[in-house]
Amino acid sequence: MTRSVTGKPGYLKRLIRPDRRGSSTVFLAIAFLAFAVCIAGGIGISRKLTVMSTCESYGRVWTRAILSEYDLHLLEDYGLMAYWGNEIEVNRKIDDYLDYSMADRLNVRLGLTSSDLSGYELGDPDNFSEALEKGFASHAADALIHSTGRKPRYAGDEEDKSIGNTVVLDTLPSGGAGSSFSTDSFVEKAKSAGDGKGVRSAAASAGIEIAFMWQYFNSCVTLSDDKPHYLNNELEYVIKGSPEDETNYSACRRRLFLARNALNLAALYKDPAKVELITTVSQTITPGPLGAATQLLLSEAWAAAETEKDLEVLYDNGRVPVLKNGDQWMTDLESILGSSEVRKKLDDESRQLLDENSDEIHDISGIHNAAQIVTEGLSYDEYLILMILCMNRNTRLLRVMDIVTIDMKYRYYRDFNLMEYYTGVRYAFTADGRSYEFEDSYR
């Protein structure tokens, strides 16, 4: 006998629809699991963002930390900001910073560190020039225009020096690069400049290294500061480039003589009174067509004698005008005629006529009174600056770098080398499989 399911009301309904309390439990479990996954994902993303932010922040700080290790001597002596180092040193420092700041934190997996300092070497002329601009440009013009800081050097204070160490010579940035000198170019620049203010104005616009030399380099006549300098004639070194003081001095004296002699000849030929005097005397002692040769001889001898006097004034820290007027000449024609150098270049007949007409020539030429002290014109250092302005800029910049290298070796580090100093840093490291790159330089 079978029993009908309809005998109990609601039984089938309960059989088909499950209990609502069980369904809620399952739903809550699923929701909780989803929420937990979201939290875990959020934590992962937050951790990743935290690691990224930390690495970016620390990386910038570490970059500044490396740049902050600039050499104090370079800064104090020359206004240059650069740090000593190499890529191995930078890698080691970054690894130390990483270990201190990141190790055992946030479970960060640290990878390789690499650095690349190429393009930031202070020994590169472009970088050196840029370092000058950043560290010196603010007061360079003032140092030149107002001629601050230079003091007279007393003759015989120091003996001439030379560099004989081949290792030192091999590490000089210029590598013995030569330069040419054109008297014509120098004379034109001197005429264009006119006076000391004109020279310094031209120098201020020619390149930052000119003001740098004026501020920090000695010459055989003046001192730039009280610091020890290995070479006495540093401005002269920039012009000649010899490792010997005496050679640099002699080369600059010879060039200065040629330039002043050309300027004195030009001034003499522009002075009608002097030209007339020379012509009259020449015709007196050498009548006829050969008088022109005697006229040329006397002109050159007079200009040369005046040039010797000019050099005496310049090496005594005085001033000599670029183109002198008649009142500024320190020699006279009569003294030139009495010199053995002139007499031996005259023929026998001219010497005889010179002796026979000595009284007449004396009346014509007169006795030259001593010229007054000249306060205008150019000083010895300013003539040197004009020579430097005539040089190829790359050569003069390399020789400036030579002097910095020589004096840093002499004052502080025997193994100093500009190529081991840097004006910027570039490096990268890896954290949690992500690479972080940083680069910065002195501003």
Side-chain angles (χ1 to χ4, degrees), residues 70-82 84 122 128 131-132 134-163 165 168 172-173 196 199-200 203-204 208-249 252-253 314-319 378-385 387-388 396-397 399-418 421:
Y70 52 84
D71 190 286
L72 282 174
H73 296 307
L74 267 177
L75 180 62
E76 292 174 355
D77 288 14
Y78 296 111
L80 298 172
M81 294 194 72
W84 177 89
L122 187 60
F128 187 86
L132 292 184
K134 292 176 180 177
F136 186 65
S138 60
H139 61 283
D142 181 72
L144 266 173
I145 299 299
H146 299 293
S147 187
T148 58
R150 302 193 69 83
K151 299 180 295 184
R153 179 198 289 273
Y154 295 101
D157 279 355
E158 298 180 17
E159 296 181 359
D160 289 337
K161 300 174 185 175
S162 63
I163 303 172
N165 189 317
V168 173
L172 295 181
V199 171
R200 294 191 292 273
I208 191 66
E209 71 277 2
I210 306 293
F212 182 82
M213 285 182 264
W214 187 265
Q215 183 74 9
Y216 294 116
F217 289 2
N218 291 345
S219 75
C220 72
V221 172
T222 62
L223 300 172
S224 61
D225 52 46
D226 296 325
K227 291 184 172 65
H229 296 244
Y230 183 76
L231 294 176
N232 295 324
N233 308 330
E234 292 177 322
L235 287 179
E236 292 87 344
Y237 174 89
V238 175
I239 295 168
K240 176 59 179 174
S242 170
E244 299 179 350
D245 266 332
E246 178 60 32
T247 301
N248 293 321
Y249 168 85
C252 287
R253 193 184 194 285
L314 291 174
Y315 283 107
D316 195 35
N317 202 29
R319 291 185 172 273
L378 304 182
S379 67
Y380 173 78
D381 290 346
E382 288 161 352
Y383 276 106
L384 293 190
I385 290 297
M387 291 186 194
I388 292 171
R396 75 190 184 209
L397 185 60
R399 289 182 182 169
V400 168
M401 296 164 66
D402 285 354
I403 294 296
V404 172
T405 299
I406 292 167
D407 282 343
M408 287 295 290
K409 285 178 180 288
Y410 182 55
R411 297 172 188 173
Y412 308 111
Y413 319 112
R414 295 184 62 183
D415 59 348
F416 180 87
N417 189 336
L418 282 175
Y421 286 76

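One is the number of the first residue; the rest follow in order along the sequence. Because only heavy atoms are used, hydrogens play no part in the values below, and waters and symmetry mates are left out as well, while side chains stay in. Note that the structure is a prediction, hence the values are computed from the model and not measured.
- The side-chain hydrogen bond (donor to acceptor under 3.5 Å, both in side chains) search around Asp226 returns Lys151, not counting sequence neighbours.
- Here the side chains of Leu235 and Asn218 are not in contact, with every heavy-atom distance at 4.5 Å or above.
- Taking CE of Met401 as the start and CD1 of Ile406 as the end, the distance is 12.5 Å to the nearest 0.5 Å.
- Side-chain contact between Thr405 and Pro173 is present, with at least one heavy-atom pair separated by less than 4.5 Å.
- Here the shortest heavy-atom pairing between Asp225 and His229 reads OD1-NE2, 2.7 Å.
- Residues Phe128 and Val404 have side chains in contact (heavy-atom distance under 4.5 Å, counting atoms from C-beta outward).
- Every residue meeting the side-chain contact (heavy atoms from CB on, under 4.5 Å) condition with Asp71, not counting sequence neighbours, appears here in chain and number order: His73, Leu74, Met408, Tyr413, Tyr421.
- Of the options Asn232, Asn233, Asp381, a side-chain hydrogen bond (donor to acceptor under 3.5 Å, both in side chains) to Ser219 is made by Asp381 and by none of the others.
- The salt bridge (Lys or Arg N to Asp or Glu O under 4.0 Å) analysis of residues 399-411, with sequence neighbours excluded, yields the pairs Asp77-Arg411, Asp407-Arg411.
- Between Tyr412 and Phe416, a ring centre-to-centre spacing not shorter than 6.0 Å is recorded.
- Not a single ring pair (Phe, Tyr, Trp, His ring centres under 6.0 Å) links Tyr383 to another residue, sequence neighbours left out.
- Here the straight-line distance linking atom CG of Leu397 with atom CG of Leu132 works out to 7.0 Å at 0.5 Å rounding.
- For Glu209, the side-chain hydrogen bond (donor to acceptor under 3.5 Å, both in side chains) partners at least two apart in sequence or on another chain are Arg393, Arg396.
- With sequence neighbours excluded, no residue satisfies side-chain hydrogen bond (donor to acceptor under 3.5 Å, both in side chains) with Asn248.
- Counting heavy atoms from C-beta outward, Leu80 and Leu75 have side chains that stay 4.5 Å or more apart.
- Taking every heavy atom of both residues into account, Leu223 and Pro152 meet most closely at CD1-O, 4.4 Å.
- The two residues Ser379 and Leu314 have their closest heavy-atom pair at C-CD2, 3.8 Å.
- Of the inter-residue distances, the one linking Met213 atom CE with Leu384 atom CG reads 10.5 Å to the nearest 0.5 angstrom.
- Partners of Tyr380 according to the ring pair (Phe, Tyr, Trp, His ring centres under 6.0 Å) rule, which considers only residues two or more places apart in sequence or in another chain, are Tyr315.
- Side-chain contact of Thr222 with Arg153: a donor-acceptor pair under 3.5 Å is absent, judged by distance alone.
- Residues satisfying the side-chain contact (heavy atoms from CB on, under 4.5 Å) test with Asp316, not counting sequence neighbours, are none.
- Across all their heavy atoms, Ser224 and Arg150 have their closest contact at CB-NH1, 3.8 Å.
- Note: Tyr78 and Phe212 have tilted aromatic rings, judged against thresholds of 30 and 60 degrees for the angle between ring planes.
- The salt bridge (Lys or Arg N to Asp or Glu O under 4.0 Å) analysis of residues 231-246, with sequence neighbours excluded, yields no pairs.
- Between Tyr237 and Phe217, the ring center distance fails the sub-6.0 Å criterion.
- Legend: residues meeting ring pair (Phe, Tyr, Trp, His ring centres under 6.0 Å) with Tyr230, ordered by chain and number and at least two apart, are Tyr410.
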